[in-house]
Each structure stands twice: as structure tokens, then as C-alpha cells.
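Shown next, in C-alpha cells, is the structure this report addresses.
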Amino acid sequence: MGTRIPKSAFANPDGRVRCPTPDCWGDLLLFPTGAVDDDGVPSFHDYSACPLCGAVWDLEPDVGDRDLYLRIAWLRANPGAEDDGG
């Protein structure tokens, strides 16, 4: 596995990160573990894989899965809103 990618990089409306493999146009996604908390918020694995080139990447858990999920949901619900950096 290559360089670790921070989970916080997925905090965008698409919840995706461009594959860092040179010359690859694939997107990395978060993979749910199947576990959810009491509010139904999912947890995610600490890795991702590119569907185009097949590279597997470790994710640095620099943000909690609940915070990440809620951030992505907020960004999707507020298109065009100023990013408050949080």
C-alpha cells in the first residue's frame, strides 16, 4: 500500500478523492464497514481502492467517521454555501 491519505480529504460534497496513482483518473470512495452508531451514522474502513487501476490506499483516520459523515451531509445539503473550514 502506498502513501496514507487523510480521511478528511473525503470531506467534500462528492465524498471522493482522486486516485493519486500517476496517470489514473479513478476516484477513491469510502467503504462502509456495515456498522452504524445509535443514530444510524456509518463507520468506514481505513483503506480505499481505485476501481480503475486497482491500487489500494491506507486512510489516515485524522477525523472521526461520524464527523466526516456529518460534514459530507452538510456540504450536500448546503450547495454553494461558504466553506467554514470545519
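Just so it is clear, the values below take in all heavy atoms, side chains as well, and ignore hydrogens, waters and symmetry mates.
The heavy-atom pair separating T21 from A55 by the smallest distance is OG1-CB, 3.6 Å. Of all the heavy atoms in R76 and G15, the pair that sits closest is NH2-N, 4.1 Å. P42 and V36 make their closest contact through CA-CG1, 3.9 Å (heavy atoms, listed as atom of the first residue, atom of the second, distance). Here the closest heavy-atom approach between residue T33 and residue A35 is recorded as OG1-N, 3.1 Å.
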Run the side-chain contact (heavy atoms from CB on, under 4.5 Å) check on D58 and I5 step by step: do they pass? CA-CA 6 Å; D58 285 329; I5 300 168; over 6 Å; no
Walk me through whether L68 and L30 qualify under side-chain contact (heavy atoms from CB on, under 4.5 Å). CA-CA 10 Å; L68 179 59; L30 293 167; 3.7 Å; yes
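Side-chain contact, D62 with S8: a donor N or O sits under 3.5 Å from an acceptor N or O.
Side-chain contact between C50 and C24 is present, with heavy atoms from C-beta onward closer than 4.5 Å. Side-chain contact between C53 and C19: present, with at least one pair of heavy atoms (C-beta onward) separated by less than 4.5 Å. Under the 4.5 Å side-chain criterion, counting only non-hydrogen atoms from C-beta, D39 is in contact with R66. Residues F31 and Y47 form a side-chain contact, since some pair of their non-hydrogen atoms from C-beta on lies under 4.5 Å apart. Residues F10 and L59 are in side-chain contact: their nearest non-hydrogen atoms beyond the backbone lie under 4.5 Å apart.
Residues satisfying the side chain to side chain contact (heavy atoms under 4.5 Å, CB included) test with N12, not counting sequence neighbours, are D14. Looking at residues two or more places apart in sequence or on another chain, you find a side chain to side chain donor-acceptor pair (under 3.5 Å) between R18 and D27.
A donor-acceptor pair under 3.5 Å is formed between the side chain of N78 and the backbone N or O of W74. Side chain of K7 to backbone of F44: a donor-acceptor contact under 3.5 angstrom is found. Using modelled atom types, one side-chain atom of S48 and one backbone atom of L29 make a donor-acceptor pair closer than 3.5 Å.
Hydrophobic clustering (side-chain heavy atoms under 4.5 Å, transitive across Ile, Leu, Val, Met, Phe, Trp, Tyr) groups V17 together with I72.
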